[in-house]
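Here is the structure we will look at, set down as structure tokens.
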Amino acid sequence: MQEYKLFINGEWVNSSSGETFDDINPATLEVIAKLHKATEEDVQRAVDSAHDAFEKWSRTPAPSRGKILFRAARMLEERKEELARLMTIEMGKILKETRGDVQEAIDITYYAAGEGRRLLGETTPSELPDKFSMTVRRPIGVIGLITPWNFPIAIPAWKIMPALISGNTIVFKPASDTPLLSIELVKILAEAGLPKGVLNLVMGEGSTVGSAIVHNKGIRAISFTGSVDTGKWILGEASRDMKRVSLELGGKNPVIVMDDANLALAIDGVLWGAFGTTGQRCTAASRVIVHEKILPEFQKRLIERTKQLRLGNGIDETTDVGPVINNSQLQKVAKYVNIGKEEGAKLVLGGNIVKPLPGYFFEPTIFTDVSPDMRIAQEEIFGPVLSLISAASLDEAIGIANSVIYGLSSSIYTENIKNSFMAIEKIEAGITYINAPPIGAEIHLPFGGVKATGNGTREAGTTAIEEFTELKTVYFDYSGKLQKAQIDVAQEKL
Ligand code: UN1
């Protein structure tokens, strides 16, 4: 059995406890690897090594840092298929999607590499003569990154690449369910020339390793993608040391289907949005709010199409929907189906754990007659469960869309321009798609949400650099005399 160690100060090292944990294929329940479980002491070693590496790395010209990232991007590209297959085995989602996940990592790596020749600040005139003013971007320091299992390489890359190009050093904890892709990513970056200590990898549970990162005084900022509860906890704990915190938390993403929508297009979109990645995206379509006039027709056609989805091992190219990640997710999905039934929603498709298969499979599930305040319409399920909600008008649909604590992604299907712009204006979300499902964000645009989905951070795009840099404002006075802003200017007779 392959055993993987921690990566600290440029070397693969044993965990100080000597303990390991299992990496399981969710489609077959086979143990595919053993991982070293880090301790608080290991996290401290990782932080120390990131500290030691910071001075040199932060003073390396950003275009030179970019060269390493360009090399890494090319290596990721060369190994795309192999990495996608490994991801399907470890995480369960189908090959088409794991290829997309790796592609997203490639894209952000190239994008961040190019940022090495930008990292733009601004200049603006001073109010005083013989004085120059500008902003420059500075790295923050040692950053703690904690990532989820649903995008095993894309989300780590979203965080690691912008953090590196900005000159930070890193202590990184991938999700315990999917560390293998992170291990490969770290290997690639090391091979591409990343100096030792710049990126350190520790593995293990959130409650121990994640907590040690959040509480470590040597870490200046935390970037976390995961659940709202953990995000809130991190924000509270990190505030004691005034760490900067970026949070990308859950979603309960609505798709509004208006009576003037192209129905075939809307059904394609909902199917992909709800059951792609087995519903395990924070951008997944989990509520479809359908205009009452077309609801019966929409519902009938959606159910027919959903029935045709093939459930199975994602490594088989004919599979449409893979397993869920682990047993606790499987039980959580089953629990929500029961809650839905008890609340009086009508289960019209699926609803069961698939028994004869060896893995963690759950049937694509649709509820109708869902009222907006039911728990299945309010809480993030993170599985293949879709709720259909009826609305009599666009205003009502938008009201329902906004009636949850979350605000990540959203979408509207309509052929009417006015409806589209009303949705853009009124839906409370970080992302709104018109005539497309709520999943599939592109890496050069900001990604993030409002309300309980986050704390205002937008990842990727130009905002990725904002997440990982401090702005320094510089005033350069070359007058050779004391000049007083506000005071001297106010006394001047213009
Ligand atoms: C997530 O589910 O945490 O937009 C991120 C998307 C992907 C990223 C999802 N590019 O669906």
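First listed ligand is number 1; within each ligand, the first listed atom is number 1.
Among protein heavy atoms, the minimum distance from atom 10 (N) of ligand 1 is reached at Glu104 OE2, 3.1 Å. Of the protein's non-hydrogen atoms, Gly440 N, 3.2 Å is the one closest to atom 6 (C) of ligand 1. Closest to atom 4 (O) of ligand 1, if we only count protein heavy atoms, is Ala441 N, 2.7 Å. Nearest protein heavy-atom contact of atom 9 (C) of ligand 1 is Phe151 CE1, 3.6 Å.
The proximity of Asn150 to ligand 1, defined as any non-hydrogen pair under 4.0 Å, is limited to the side chain. Of the heavy atoms in Glu248, none comes closer than 4.0 Å to ligand 1.
By the 6.0 Å and 45° rule, Lys93 stacks over the aromatic ring of Phe151.
Using a 4.0 Å cut-off between charged nitrogen and carboxylate oxygen, Asp22 and Lys34 count as a salt-bridge pair.
At least one heavy atom of Ile155 sits less than 4.0 Å from an atom of ligand 1.
Annotation: Lys80, atom NZ; neighbour count of heavy atoms from other residues, nucleotides and ligands within 6.0 Å is above 12. Remark: Arg118 CZ is packed, more than 12 non-hydrogen atoms of other residues, nucleotides or ligands lying under 6.0 Å away.
The aromatic rings of Tyr111 and His444 sit tilted relative to each other, their planes meeting at an angle between 30° and 60°. The aromatic rings of Tyr110 and Phe70 sit tilted, their planes meeting at an angle between 30° and 60°.
Each of the following atoms of ligand 1 lies closer than 4.0 Å to a heavy atom of Arg281: 2 (O), 6 (C), 7 (C), 11 (O).
In terms of N/O distances under 3.5 Å, ligand 1 is not approached by Trp158. The distance criterion of under 3.5 Å between nitrogen or oxygen atoms is met by Cys282 with respect to ligand 1.
With rounding to the nearest 0.5 angstrom, the CG atom of Asn419 is 9.5 Å from the CD1 atom of Ile434.
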